[in-house]
Amino acid sequence: MGGHALLILLSVASLSLLPGAMPLQPSQAWSLFKLRQLLGDPPVLGTWRNYTDFCYGGDYKTASAFVECYEDSVTQLHIMGEPGARPLPTTFSIDAFFTTLSRLPDLKVLTLTNLGLWGPLPGGKISRLQKLEIVNVSSNYLYGELPRGLSQLGSLQTLVADHNMLGGKLPGWLKDMPLLAVLSLRNNTLQGTLPESLKDMPSLRSLVLASNNLSGNLPELSNLQVIDMANNALGPKFPRLGRKVASVVLAGNKFSDGLPADMLASCYLLERLDVSGNRFVGPFPAALLSLPSMEYLSIAGNRFTGRLSGNASCGENLRFVDLSSNLLTGSLPGCLLAAPGKTVLFSANCLSTGDDSQSQHPSPFCRNQALAVGIVPEQGREKSGAKAGVVAGIVLVGALVVSAAVVFVVRKARLPKARPARRLVEHASSAYPSNLLADARYISQTVKLGALGIPAYRSFSLVELEAATDNFQVSSLMGQDAHGQMYRGRLSNGTPVTIRSLKVNKSQSFTRHIEMISKLRHRHLVSALGHCFQYNLDESTVTHLYLVFEYVHNGNLRGRISRKFFFSSQSHSPPLLPS
C-alpha cells in the first residue's frame with residue numbers, strides 16, 4: 001500500500017514538470033494580444049490564437065514571431081515584420097505600446113523590427129523594463145533623441161536601432177550603462193561630435209554609427225573590437241585604437257594625414273580595415289598586407305604614396321584587397337598576383353603590373369599629384385617650397401579690398417625705392433607644367449612679414465581648401481558673380497578665411513598678379529594668405545585659381561574707415577586712418 005502511494009506521489013510530481021503545467025500568467029497573455037492589436041494585427045502574428053500556449057506550445061511559433069518563457073513569465077519577445085514596412089496609422093501610440101510592454105516585467109530580450117513603429121522612444125516607459133539585456137528596434141520610423149531613461153537599464157548589454165530617424169548628439173550619459181557592450185545606430189540622423197566619455201566605457205566592444213551626420217575627431221577607442229563609422233564627416237585625425245581591435249571601417253569620411261603605421265602594425269587581431277574614400281596622404285604601410293589576421297583591406301580613393309615591392313609578403317588569411325585610385329608606384333606584390341580565391345583591385349595608380357584590365361597612370365602623374373598635396377619624395381625635398389604650390393593658393397577679397405590695395409601701392413610708390421626683394425629659386429622638373437613653374441618663381445620672399453603680425457603668404461593644396469569649405473558646400477558660399485564664387489572656410493589650424501574661386505582662361509598669366517598681391521601686406525589691409533591652382537586631368541592647363549584671404553568679422557572696409565561707423569558702433573577699435 002505504501003509503495004502504491006509513493007508511485008502516485010511521483011506521478012503527480014512528474015506531471016508538474018510537463019509542458020503546460022505552469023501556463024503563462026493571464027495578465028501577460030493579455031498583454032501579448034494587446035500588442036498584436038496595437039500593431040494592427042500584422043500578418044506575421046497571424047498564428048496567435050486565443051487558445052495559444054505562448055510558453056510551451058510550439059505550434060504557433062515561426063521564424064519571424066515567437067515568445068520564450070521562464071516558468072510562467074515572458075523573458076523573450078521576437079516580432080520581425082517584412083522589410084520595407086510602411087509606418088503604422090496615425091492612430092498608433094508608441095506610448096501605449098511601451099506601456100503594454102512594461103507589463104512584461106521579466107522581459108530580457110526584445111526584437112521589434114520592420115513593424116512601422118514611429119515616434120520618439122518613451123524613456124519613462126522603457127525604464128520600467130529593468131531586466132532588459134538585448135534590444136533590437138531596427139528598421140522602423142523612430143525619431144528624436146535617445147531617451148535618458150535608457151541609462152536606467154542597468155542590465156542592458158546590446159542596443160541596436162539601425163535604419164531609423166534618431167537624431168541629436170550621441171549622449172554622454174551612455175557611460176552610465178556599465179554593461180553595454182554593443183551599440184549600433186547605423187543609418188540614422190545623429191550629428192555633432194562623439195562624447196569623450198566613450199573612452200570611459202570599459203565594457204563597450206562594438207560601436208556602429210555608420211551613415212549618420214557625425215563630425216570632428218573620434219575619441220580614444222582603445223577598448224573597442226568592432227568600429228564602423230563609415231559615411232560620416234569625421235576627421236581629420238585617425239583615432240587611437242587598442243591592440244584587440246578586429247574590424248575598423250572608416251570609409252567615406254574626412255580623415256587626412258597618414259595612417260599610424262606603428263599602431264596598426266601591432267593590431268595582430270585586425271581582420272578588416274576599410275579607410276577608402278577619405279583624404280589620407282603619405283606612405284602606404286605595406287606591412288598591413290602581412291598582418292596575420294587580415295582578411296579585408298581597402299585604401300581606395302585616397303592619396304597614399306610609396307613604392308611597392310614585388311617581394312612583399314601577404315598574410316595567409318587575406319581575401320580582399322583594394323588599392324585603387326591612389327599614388328602608388330613600383331610593382332604589385334607577387335603574393336597578390338598569384339592569389340587564387342583572392343579579389344585584388346589596384347587600378348588608377350602608377351604601378352608596373354602588365355595587367356591591362358586595371359589601367360594605370362603614367363609615373364609623372366603620381367609624382368605631380370603627390371607634390372600637389374605636399375608629399376615630396378626624399379630626393380626632392382631640399383627646395384620644395386614652391387613645388388608644393390602645384391595646387392597652391394592666392395588672394396582676393398572683393399572690389400573694395402582690391403581698391404584699397406591699389407591705393408596703398410600708389411602711396412608706397414612715392415617713398416624712396418627699397419632694394420628689390422630676392423625671388424625664390426626652385427629646381428625645375430619635367431614633371432611640372434612649364435607655366436606653373438613660371439608663375440611660382442615670382443612668389444617673393446617679401447611675403448615673410450611675420451614681424452608685422454601678418455600671417456605669412458604661402459601656397460595651399462586643393463585638399464586643404466576642400467577641407468576648409470567642407471568640399472565647397474553650398475552652406476559655405478558667400479556670393480558669386482560672372483567670374484566665380486566666394487566661400488567662407490576654416491583652415492585646419494582654426495583660422496577663418498575667405499576663398500575666392502576664379503575660372504581661368506588658357507591665355508591668362510598669373511605671374512604679375514601673384515607677385516603684386518603677395519606684396520600687399522599691411523596691418524590696415526585684409527591680408528592675402530596664399531593661392532591655389534587647380535589643373536585639368538592631364539596636368540597641362542590651369543582651370544581654376546583660388547585666392548585665400550583673412551576673414552573680416554567686423555563689417556566692411558567702408559565702415560571701418562568711416563568715423564560714423566566708429567562713433568555709432570560698440571567697438572572700441574579706432575577708425576582706420578592714414579599712417
Side-chain angles (χ1 to χ4, degrees), residues 230-231 238 247-261 264-265 267 270-378 390-391 431 462-463 535-539:
N231 302 317
F238 193 87
S247 177
V248 179
V249 180
L250 302 176
N253 280 283
K254 296 184 177 180
F255 293 100
S256 58
D257 298 328
L259 286 177
L264 291 173
C267 298
L270 186 60
E271 299 175 0
R272 183 184 185 95
L273 176 62
D274 187 349
V275 295
S276 59
N278 280 281
R279 299 169 177 172
F280 284 109
V281 297
F284 164 61
L288 292 175
L289 296 170
S290 60
L291 286 178
S293 301
M294 185 68 75
E295 298 178 3
Y296 183 106
L297 173 63
S298 178
I299 62 167
N302 286 284
R303 285 292 183 267
F304 285 113
T305 59
R307 187 173 185 84
L308 299 184
S309 170
N311 297 324
S313 59
C314 300
E316 60 181 12
N317 294 313
L318 197 59
R319 294 292 178 266
F320 180 94
V321 178
D322 191 352
L323 309 176
S324 305
S325 301
N326 281 282
L327 305 174
L328 302 174
T329 60
S331 302
L332 200 67
C335 58
L336 296 180
L337 287 172
K342 289 185 173 69
T343 299
V344 181
L345 306 175
F346 51 87
S347 63
N349 282 282
C350 299
L351 296 168
S352 302
T353 64
D355 185 350
D356 296 334
S357 65
Q358 300 196 45
S359 61
Q360 302 294 311
H361 296 295
S363 296
F365 175 87
C366 289
R367 175 176 173 78
N368 288 351
Q369 292 294 314
L371 291 169
V373 293
I375 310 168
V376 184
E378 292 294 335
V390 172
V391 186
L462 185 58
V463 173
Y535 284 82
N536 61 1
L537 292 178
D538 62 4
E539 299 289 314

So which atom in [X] and which in [Y] form the shortest heavy-atom distance, rounded to 0.1 Å?
X	Y	result
D274	S276	OD1-OG, 2.7 Å
R303	L327	CD-CD1, 3.5 Å
L308	L328	CD1-CD1, 4.1 Å
Q358	V344	NE2-O, 3.1 Å
N302	F280	OD1-N, 3.1 Å

Separation between [atom1] of [X] and [atom2] of [Y], rounded to the nearest 0.5 Å:
X	Y	atom1	atom2	result
L332	L351	CG	CG	6.0 Å
C366	R307	SG	CZ	11.0 Å
R272	F320	CZ	CZ	8.5 Å

Any side-chain heavy atom of [X] within less than 4.5 Å of one from [Y]?
X	Y	answer
V321	K342	no
V463	V281	no
L336	F346	no
F304	L323	no

Can you list, pair by pair, the side-chain donor-acceptor contacts under 3.5 Å of residues 284-300, counting residues two or more places apart and other chains?
residue: S290; atom: OG; partner: A287; partner atom: O; Å: 2.9
residue: S293; atom: OG; partner: Y268; partner atom: O; Å: 2.8

- Task: Kindly state each residue pair satisfying side chain to side chain donor-acceptor pair (under 3.5 Å) with at least one member in residues 322-334, sequence neighbours excluded.
- Result: D322-S324

- Message: According to disulfide bond (SG atoms under 2.5 Å apart), does anything in residues 293-325 pair up with another residue at least two apart or in another chain? List the pairs.
- Response: C314-C335

- Going through the checks in order, is the side chain to side chain contact (heavy atoms under 4.5 Å, CB included) test met by H361 and C350? CA-CA 5 Å; H361 296 295; C350 299; 3.7 Å; yes

- Task: Name all residues meeting the disulfide bond (SG atoms under 2.5 Å apart) criterion together with C267; count only those two or more places apart in sequence or in a different chain, and write none if there are none.
- Result: none

